[in-house]
Amino acid sequence: MLTFDGALSFNNFPSLTDQQIDDLNNEYIKAINNGITGTDSNGNYTYNMIDVEEQFLKFLDKKLKMNGLRVFRINNNERTELKLENNERKESPCP
């Protein structure tokens, strides 16, 4: 889940050309594919979700620069904030 806390200033997302959007999409796919661990019996990719989360956070930080954007993992009734510290994925349980 993504939220924007509004605590920090947020610059409007810049106008992008179709080519720039395509480039961002390709870079996103490349980043997320770093989490692929193999394939299942049906030939579908399997992923290490910890790696996928880290790559997603790095992509947001490097490419989108959206101050105040917060990322959460929700499992059952538990919510955990995910963030980068020193370019590494960190978790913080939410009350």
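- Between the CG atom of N44 and the CG atom of D40 there is a distance of 4.5 Å, given to the nearest 0.5 Å.
- Within 6.0 Å of atom CG in N42, more than 12 heavy atoms from other residues, nucleotides or ligands are found, so the atom counts as buried in its surroundings.
- Atom-to-atom distance recorded for E54:CD and L82:CG is 10.5 Å, nearest 0.5 angstrom.
- For CG of N26, the number of neighbouring non-hydrogen atoms (other residues, nucleotides, ligands) closer than 6.0 Å is greater than 12.
- Closest approach of N76 and I74 over heavy atoms only: O-CG2, 4.0 Å.
- The structure places CG of N48 at 11.0 Å from CG of N34, a figure rounded to the nearest 0.5 Å.
- Between K90 and E81, none of the side-chain N atoms (NZ, or NE/NH1/NH2) sits under 4.0 Å from a carboxylate O, so this pair counts as no salt bridge.
- Summarising the geometry of T39 relative to Y45, their closest heavy-atom pair is CG2-CD2, 4.0 Å, with the distance given to 0.1 Å.
- Taking all atoms of both residues into account, the shortest heavy-atom contact from V52 to G35 is CG2-CA, 4.0 Å.
- The two residues Q20 and L16 have their closest heavy-atom pair at OE1-CA, 3.3 Å.
- Rounded to the nearest 0.5 Å, atoms OG (S92) and CZ (R70) are 9.0 Å apart.
- Using a 4.0 Å cut-off between charged side-chain N and carboxylate O, R89 and E53 make a salt bridge.
- For the pair I50 and E91, the minimum side-chain heavy-atom distance is below 4.5 Å.
- To the nearest 0.5 Å, atom OH of residue Y28 and atom CD1 of residue I21 are 15.5 Å apart.
- No side-chain heavy atom of K83 sits less than 4.5 Å from a side-chain heavy atom of V71.
- We find the OG1-OH distance between T37 and Y47 to be 9.0 Å, quoted to the nearest 0.5 Å.
- Side-chain contact, Q55 with D51: no donor N or O sits under 3.5 Å from an acceptor N or O.
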